[in-house]
Amino acid sequence: MTRFLCFIVCLGLTGMLQATDYYVDSESGNDMHTGTSPQQAWASLDAVNTAVLAPGDRVLFKRGGIWREQLKPKSGEAERPILYGAYGEGPDKPQIRGSVPLDKPTDWIDEGNGIWGTKLAAVHHASTIGGFEKLTWNIYQEEGAVVSMEIREEDEREYRIVSRSASERSQQIELFTVGGFKVERDKHYLFRFEAKSSKPFTFASIAFCEPEAPWRKIGRVLRRPGEIGTGFQTMEILFRCTEDHDNARFVLSLGGRLPQDAEFVFIPKELLSATVETNGIDTDVGNIILNGNKAAFKRWKRDDLKEQDDFWYDLETNRVFYRSDRNPAVLYESLEAALNRYVVDHSSRRYVIFDGLDIRYGGSHGFGGWNADHIIYRNLDISWIGGADQNMDGRRVRFGNGIEFWADASDCLVEDCRFWEIYDAALTNQGTGTNAQRRLTYRRNVIWNSEYSFEYWNRGPESMTEDILFEHNLCVDAGYGWGHAQRPDKNGRHLMFYDNSAKTTRFVVRNNVFCNATHSVVRIDTDWRDGLTRDNNVYWQPAGKDFMFWLNKGQTRYQTEQFGEYQNDLGLDRSSTFALPDWNQYPALPVEVRNRER
């Protein structure tokens, strides 16, 4: 643990340096307050996200409070990290939810035949923004797609785009504004255009973003146009801006959707500022959590809504349709629609501490993003995460991890946290392309009812993974969570090591307990044992089930009775044992999980 010594010692020094504590109270706070005392507490995550914080500052959420939307932390410095933690009395940690509540009967409209729908975003007023019609649009294409564009200018500018070669991925063909336009945070905008296509299609995706790489999104689409048919139609895109920007850009992705030899005619008309009433659903709903302990079943089209608690998210209108014999809000006290975004975005954040928070009900990752550096995640509860459609372009890839370190990440510590009901992995570091993952430690965490407890892969021979430590973790019942029944790729494992081509050294998995999995306790797709140490672990799996799934040499399976053979053949876990855990040693695990019949 010497690599973390300097970071941890600095925590003791922080109090000796000038810093400010900010308080957040979801019930009694007010965003007009200073935030510098419990009596002057802020109320919302919006106040937290927009605050100007200095290294060493602490943001403290009142225990028992509930906040929604996304937490966007600030970075500290090497000797003065910024802390996001808790204050006040009571056993309940502050909750940050990535969901929209749908628990009022008025949230639902009876569509007939046992189908209930959420309300459509309603535009009450719109006024034209001058100058937008003067912007030009351009076409971008990648290898694998061939398109041409002709611009005709008569009464208005008309763009004729012809697909010479079909493409597979959405980003291979993109239509975008050249130059940007000014927008304001929390305001709604309506973009109107006319369009037709000789072969009907729908947009693969719509982005409202910054004009330069990495083209960060600065708005959320609330209403999308439907199919572009063979005759001219007036179509609309409704979105909400999430921050002030002087140079916003539209990007309309056509790749994978625009048919070969199709002629697509596009006439941008106007941009309007709009007053909109909405329920807050502005992206895919990955899950609807019922009374905090049950998942509704996500379906992919309206016709599939046949059983009680089936639901479908309509990408074009941002509406949820739900199969129920009665109004869902009458049947359930709580319905939480988990949205497709990180509950906490730690992208490019450095020197941050998260301590004593409850992160739940997110359709994407609990903590997600790239380039996390010197971050501590401590004493967190992370639950009911994942299930959203990652691409929202027809490929139907559901995802969602508790804490994910994507691509570049270094010097991060996850300790004393609890994870349950995670669609994919409770903990993971993974990446593709060229990246470096260094000095990541996971210790003393308790994980249950997740598809994977720990997932790792890194693809690209130029990538590097080194000094990864997974130690003293309790991992129970992989594949027994809510998402397993809904997955097309049921794959419950505690250690899921997919294809790994990165240079990997000093990857250590030791002193853990791995108990019971629906498929196998361990899966390894490729042989990188030169960089992997696994030892002193305790494993248990019922007799007759797979313990190890080893793909490197033709899908070799080792069942529980072959544990010794596995040790001899692969040279791993020489000092590990195979035994049912003594649950009395693990009070952090819920009683119902400890007492589960296995």
Side-chain angles (χ1 to χ4, degrees), residues 68-70 97-104 106-111 115-124 126 170 183 186-193 202-209 217-228 235-242 250-253 257 271-289 296 298-305 310-323 328-329 335-343 361-364 387-396 398 400:
R68 299 184 185 274
E69 279 283 342
Q70 184 182 67
R97 300 182 177 183
S99 58
V100 168
L102 298 173
D103 52 14
K104 297 182 179 60
T106 53
D107 290 331
W108 298 95
I109 299 170
D110 188 350
E111 300 281 328
I115 305 298
W116 299 79
T118 55
K119 295 178 180 178
L120 185 70
V123 178
H124 294 300
S170 62
V183 292
D186 287 335
K187 288 195 173 181
H188 293 83
Y189 296 89
L190 190 68
F191 169 44
R192 286 187 178 139
F193 62 95
T202 56
F203 291 131
S205 65
I206 299 167
F208 177 62
C209 58
K217 292 182 180 179
I218 57 174
R220 296 171 181 166
V221 178
L222 303 181
R223 188 187 303 163
R224 295 164 174 78
E227 183 179 77
I228 298 170
M235 313 190 88
E236 296 181 340
I237 299 172
L238 176 66
F239 61 94
R240 179 172 72 87
C241 185
T242 53
F250 266 119
V251 179
L252 308 178
S253 296
R257 296 296 183 86
L271 182 70
L272 303 101
S273 177
T275 301
V276 177
E277 180 184 357
T278 177
N279 60 12
I281 297 175
D282 55 15
T283 187
D284 183 54
V285 174
N287 186 12
I288 299 178
I289 301 94
K298 184 176 177 69
R299 303 296 185 178
W300 296 104
K301 57 182 184 292
R302 183 166 177 157
D303 289 346
D304 290 339
L305 302 179
D310 286 350
F311 80 93
W312 167 61
Y313 167 76
D314 181 10
L315 177 66
E316 293 181 6
T317 62
N318 283 308
R319 295 184 70 196
V320 170
F321 293 90
Y322 196 100
R323 175 68 175 86
L335 297 97
E336 296 282 345
L339 302 181
N340 183 10
R341 66 177 62 98
Y342 310 149
V343 184
Y361 303 155
S364 175
D389 185 354
Q390 187 171 28
N391 303 302
M392 296 194 295
D393 63 1
R395 287 179 286 176
R396 298 180 183 176
R398 297 182 76 179

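All values below come from the heavy atoms of this structure, side chains included, with hydrogens, waters and symmetry mates left out.
- Remark: the backbone N or O of Ala121 is paired with a side-chain donor or acceptor of Arg223 at under 3.5 angstrom.
- In this structure, the separation between CD on Glu69 and OG1 on Thr242 is 9.0 Å, given to the nearest 0.5 Å.
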>> Before you tell me yes or no, could you show the steps for Ser253 and Ser205 under side-chain hydrogen bond (donor to acceptor under 3.5 Å, both in side chains), namely the whole-Å CA-CA distance, both residues' side-chain angles and the distance that decides it to 0.1 Å?
In response: CA-CA 5 Å; Ser253 296; Ser205 65; 3.1 Å; yes
>> Pair Lys119, Asp107 - check salt bridge (charged side-chain N to carboxylate O under 4.0 Å, His left out), show working.
In response: CA-CA 7 Å; Lys119 295 178 180 178; Asp107 290 331; 6.0 Å; no
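- Judged by distance alone, the side chain of Lys298 and the main-chain N or O of Ala388 form no donor-acceptor pair under 3.5 Å.
- Looking only at distances, no side-chain donor or acceptor of Asp284 sits under 3.5 Å from a matching main-chain atom of Met392.
- Within the 3.5 Å criterion, the main-chain N or O of Leu190 finds no donor-acceptor partner in the side chain of Glu236.
- With sequence neighbours excluded, no residue forms a ring pair (Phe, Tyr, Trp, His ring centres under 6.0 Å) with Tyr313.
- Residue pairs that meet the salt bridge (charged side-chain N to carboxylate O under 4.0 Å, His left out) test with at least one member in residues 271-283, sequence neighbours left out, are Arg220-Asp282, Asp282-Arg341.
- Glu316 and Arg224 are not joined by a salt bridge, as no carboxylate oxygen comes within less than 4.0 angstrom of a charged side-chain nitrogen.
- Annotation: ring pair (Phe, Tyr, Trp, His ring centres under 6.0 Å) contacts of Trp116 (sequence neighbours excluded): none.
- Partners of Lys217 according to the side-chain contact (heavy atoms from CB on, under 4.5 Å) rule, which considers only residues two or more places apart in sequence or in another chain, are Ala207.
- Counting only distance, with no hydrogens or angles, the side chain of Arg97 and the backbone of Tyr361 share no donor-acceptor pair below 3.5 Å.
- Not counting sequence neighbours, Asp103 has no partner by the side chain to side chain donor-acceptor pair (under 3.5 Å) test.
- Within the 3.5 Å criterion, the main-chain N or O of Val221 finds a donor-acceptor partner in the side chain of Asn318.
- Look at Lys301 and Asp304 and you find a salt bridge, because one of the NZ, NE, NH1 or NH2 atoms lies within 4.0 Å of a carboxylate O, short of that distance.
- Judged as a side-chain contact (heavy atoms from CB on, under 4.5 Å), and not counting sequence neighbours, the contacts of Arg302 are Glu111, Ile115, Leu305, Trp312, Phe321.
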